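The model shown is predicted, which means the values in this text are computed figures rather than measured ones.
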Amino acid sequence: MASSGDDNGKSKGEVKAQFKDDARQSRFTFRKRAEELLRQDMKEEALAICKPQVGTFAKCAEEQSLMVVFRCQDKLKEVNSCLADHNGPEAWEKYKAKNAAMLARRGRGDPT
């Protein structure tokens, strides 16, 4: 039986639909990767903003050794509070809105 443009027994319509699905999936993949990169940028900024609190906690942990769990709780709460403020869902929405142009470029596959 002669093949009339079939790809593994698929009709032209099925091949075309598969191609469209693959292209659509590629766009979704770029968008998802763009959001992951943007979220990573936001986390790095949050850590930079919270660096003083992290440093204070690290110093306390170093000094207290095994008692860190009890004696450095307040410092850990400060770190967690700072990170929650700068890395939480509300902060993510604001960051995403602020960097919408970058997200759009990355979503198209442009790495800048």
Salt bridge (charged side-chain N to carboxylate O under 4.0 Å, His left out) partners of residues 74-83, not counting sequence neighbours, each pair once: none
Pairs involving residues 90-101, ordered by first then second residue, that meet salt bridge (charged side-chain N to carboxylate O under 4.0 Å, His left out) (sequence neighbours left out): E93-K96
Within one Ile-Leu-Val-Met-Phe-Trp-Tyr cluster: V54 and V69, side-chain cutoff 4.5 Å: yes
Heavy-atom side-chain contact between K59 and E63 under 4.5 Å: yes
Pairs involving residues 66-105, ordered by first then second residue, that meet disulfide (SG to SG under 2.5 Å) (sequence neighbours left out): C50-C82, C60-C72
salt_bridge(E36, R33) N-O dist < 4.0 Å: yes
N/O donor-acceptor pairs under 3.5 Å from side chains in residues 41-49, not counting sequence neighbours:
from: D41; atom 1: OD2; to: R106; atom 2: NH1; distance (Å): 3.2
from: D41; atom 1: OD2; to: R106; atom 2: NH2; distance (Å): 3.2
from: E45; atom 1: OE2; to: Y95; atom 2: OH; distance (Å): 3.1

Residue pair W92 / L38: nearest heavy atoms and the distance that separates them: CZ3-C, 3.9 Å
Atom pair CZ/CD of F57 and Q73 - distance to nearest 0.5 Å: 10.0 Å
Residues that N80 engages under side chain to side chain contact (heavy atoms under 4.5 Å, CB included), provided they are two or more places apart: L76
Non-neighbouring partners of R71 that pass side-chain hydrogen bond (donor to acceptor under 3.5 Å, both in side chains), sequence neighbours left out: Q64
